[in-house]
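Values reported hereafter were calculated over all heavy atoms of this structure, with side chains retained and with hydrogens, waters and symmetry mates removed.
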Amino acid sequence: MKYRGILIKLIMLSSLVLTPLLVTAEEAKSPAAAPAVSAPATAPTAAPAADAAAQAAAPADPAKPKNVDPVLNTGDTAWMLVSSALVLFMIPGLAFFYGGMVRQKNVLSTMMHSFVAMGIVGVQWAIIGYSLAFGPDAFMGLIGNTSKALLNGLITFGKDGSPVYALFQNVSTEPGSIPEYLFAMYQCMFAIITVALISGALAERIKFSAYCLFVLLWTTLVYDPLAHWVWMTDGWLFKKGALDFAGGTVVHLSSGISALAALIFLGKRHGFPTERMAPHSLPLTMLGVGMLWFGWYGFNAGSAIVGANCSDAAGGLAALAFATTTIAPAAAGLSWMVAEWLHAGKPSALGFGSGVVAGLVVITPAAGFVQPGAALILGLVAGVVCYGGVLLKAKLKYDDSLDAFGVHGIGGTTGAILTGVFATVGAKGLLAGDVKQFITQLVAVGAAGAYAFIVTLVIVFVLHKTIGIRVDKEDEIMGLDQTQHSESGYN
């Protein structure tokens, strides 16, 4: 069949899962010309991936400059240090955003889901995660090898004992670069917040011990491979030319779809949907919205380090991503508010804040590929589509506690697909006449979504059958702050 080659790859990645995706065999085996570099390429001094990036980006041209040795760019380094800290700041922002929306008896438990991810994933990433995601390819564009375990090889020492840092160079024909340690830490922040997003669907009823194991397993088995597929120069979706500027498929689609899969075994909260479960502190949630939007500038504008033909992270591409990250959430907040106003009779603070987050989600994969006019359209679409996605749970009777699927799953899918429609910067989308790019986006969405859903099902099933994933009914009624942590959010 037409997409037989990709099916073979996915079967061989894991004996646990089988993703029935069909992609043309020849297309999967040959390095397709990528319309834009949406993934990192490591400098020749650290790994051979940069050369692969140059070859994948364009055919050989004797008029083009040859590969050059990377030179540290202090301006780019400074901006990436700030961007990394901004993305880390999003994680307590997410804790406030989620924490305010649950009932008072579960506020600490819910916030802990975000904070403990900082510890678990921070350690996992240093030990093996970075190597699996951004190490040289181990097998058919599906996973990195272990050569960078414990961040091995990112620093050496000269004969005089002076440190020599490996440099990350995005485009091998341009000298600008940053220390690879910095790139590794920037990507670490992405890994942390991605799994924390899933906790919004699991709030108020999951065992803390099961959640901790879930964070470790999901990051290793789902996030790390997907990051390699999409953002590493030898990843199979990268070679196909899939566009994901800052995490539409890798972060939001994967976490939202995984949240939906986890709900199958976790079940509904006691009393849902008949019992009213109102947010206990909307001011906390709105504070979280502001922190998320602020940190998202590092999330999107910082991702200019992996932009097409752009070796300066603090250049024009970062400015474009900064602008689109302002326009889209602003429009989405308004469109959600208006949709709610018309549907429910009154606009709510929670609705506007949720719309802002939805706009940030939808613009993430497109931030550096679209111009401001398209960002405005994406934002308007995001608010309406994600508002409809949140209403689905009332109709379909599934208990997505804090709308992780409705906002991130549906929003991430929408953004990834619309990137293939509106892209004009560094790539051409459907409206610019490139039908193939649009189809590639659909393949990427289908592959990432199916893989994340199936592997998450396996993880949650194993936890359910071994240690159990849900607290007892009595513990749930008492509240997870007391039963899981012996604490109270308010004394």
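Looking at heavy atoms from C-beta onward, Phe422 lies out of side-chain contact with Leu430 at the 4.5 angstrom threshold. Contact of the Leu260 side chain with the Asp400 side chain is not registered, since no non-hydrogen atoms from C-beta on lie closer than 4.5 Å. No side-chain heavy atom of Ser254 sits under 4.5 Å from any side-chain heavy atom of Thr249. With contacts defined as side-chain heavy-atom distances shorter than 4.5 Å, the pair Tyr398/Ile264 does not qualify. Leu320 places none of its side-chain heavy atoms less than 4.5 Å from the side chain of Phe369. Inter-residue side-chain proximity for Val421 and Leu418 is flagged as met; some heavy-atom pair is nearer than 4.5 Å. Counting heavy atoms from C-beta on, the side chains of Leu151 and Met185 come closer than 4.5 Å. Residues Val357 and Pro329 have side chains not in contact (no heavy-atom distance under 4.5 Å, counting atoms from C-beta outward).
To the nearest 0.5 Å, atoms NZ (Lys397) and NZ (Lys395) are separated by 9.0 Å. To the nearest 0.5 Å, atom CG of residue Leu86 and atom CE of residue Met80 are 10.5 Å apart. With rounding to the nearest 0.5 Å, the separation of OG1 in Thr419 from CG in Leu378 is 6.5 Å. Taking CG from Asp399 and CD from Glu204, the interatomic distance works out to 8.5 Å, rounded to the nearest 0.5 Å. The OG1 atom of Thr324 sits 4.5 Å away from the CD1 atom of Ile363 when rounded to the nearest 0.5 Å. Expressed to the nearest 0.5 Å, how far OH of Tyr181 lies from OH of Tyr130 amounts to 10.5 Å.
Under a 3.5 Å cut-off, the side chain of Asn300 and the backbone N or O of Ala321 do not form any donor-acceptor pair. Using a distance-only test at 3.5 Å, with no hydrogens or angles considered, a donor-acceptor pair links the side chain of Glu340 to the main chain of Ser348. Using a distance-only test at 3.5 Å, with no hydrogens or angles considered, a donor-acceptor pair links the side chain of Arg205 to the main chain of Gly267. Judged purely by atom type and a 3.5 angstrom limit, Asp76 uses its side chain to pair as donor or acceptor with the backbone of Ala314. The backbone N or O of Ala416 lies less than 3.5 Å from a partner atom in the side chain of Gln441, making a donor-acceptor pair. Between the side chain of Trp231 and the main chain of Val250, no donor-acceptor pair closer than 3.5 Å is present. At distances below 3.5 Å, not a single donor-acceptor pair connects side-chain atoms of Trp236 with backbone N or O atoms of Trp229. With hydrogens and angles disregarded, no donor-acceptor distance shorter than 3.5 Å links the side chain of Trp336 to the backbone of Ala382. Counting only distance, with no hydrogens or angles, the side chain of His408 and the backbone of His252 share no donor-acceptor pair below 3.5 Å. Under the 3.5 Å distance criterion, the side-chain polar atoms of Ser131 are left unmatched by any main-chain donor or acceptor of Ile128.
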- Go through Phe96 and Val289 one step at a time and tell me if the side-chain contact (heavy atoms from CB on, under 4.5 Å) criterion holds. CA-CA 8 Å; Phe96 279 112; Val289 171; over 6 Å; no

- Message: For a side-chain contact (heavy atoms from CB on, under 4.5 Å) check, start with the C-alpha distance between Trp218 and Thr194, then their side-chain angles and the critical distance, and finish with the verdict.
- Response: CA-CA 10 Å; Trp218 190 90; Thr194 302; 3.6 Å; yes

- ring-ring contact (aromatic ring centres under 6.0 Å, His included) assessment of Tyr211 paired with His113: CA-CA 8 Å; Tyr211 176 76; His113 289 160; 4.4 Å; yes

- Item | side-chain hydrogen bond (donor to acceptor under 3.5 Å, both in side chains) between Tyr223 and Ser255, worked out | CA-CA 9 Å; Tyr223 182 84; Ser255 61; over 6 Å; no

- Query: Could you walk me through whether Ile120 and Cys212 pass the side-chain contact (heavy atoms from CB on, under 4.5 Å) check?
  - Reply: CA-CA 8 Å; Ile120 296 172; Cys212 290; 3.8 Å; yes

- Message: What verdict does the side-chain contact (heavy atoms from CB on, under 4.5 Å) test give for Ile91 and Phe115, after you've listed the backbone C-alpha separation in whole Å, the side-chain angles of each residue and the deciding distance to 0.1 Å?
- Response: CA-CA 7 Å; Ile91 300 165; Phe115 280 103; 5.7 Å; no

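Closest approach of Leu463 and Leu217 over heavy atoms only: CD2-CD1, 4.5 Å. Nearest heavy atoms, Gly449 versus Leu253: N-CD2, 4.1 Å. Minimum heavy-atom separation, Gly411 to Val361: C-CG1, 3.6 Å. Residue Ala201 comes nearest to Ala259 through the heavy atom pair CB-CB, 3.6 Å, listed as atom of the first residue, atom of the second, then distance. In this structure, Ser177 and Thr77 approach most closely via the heavy-atom pair O-OG1, 4.1 Å. Residues Ala133 and Trp125 share a closest heavy-atom pair of CB-CH2, 3.8 Å.
Remark: the Trp296 side chain and the Thr364 side chain contain an N/O donor-acceptor pair separated by less than 3.5 Å.
Tyr186 pairs with exactly one of Ser84, Ser83, Ser303 by the side-chain hydrogen bond (donor to acceptor under 3.5 Å, both in side chains) rule, that one being Ser303.
Relative ring orientation between Phe322 and Tyr297 is described as parallel, the plane-to-plane angle staying below 30° on a 0-90° scale split at 30° and 60°. In this structure, Phe168 and Phe183 have parallel ring planes: the angle between them is below the 30° cut-off, well short of the 60° mark.
Sorted by first and then second residue, the side chain to side chain donor-acceptor pair (under 3.5 Å) pairs involving residues 367-389 (not counting sequence neighbours) are His343-Tyr387, Gln371-Thr424.
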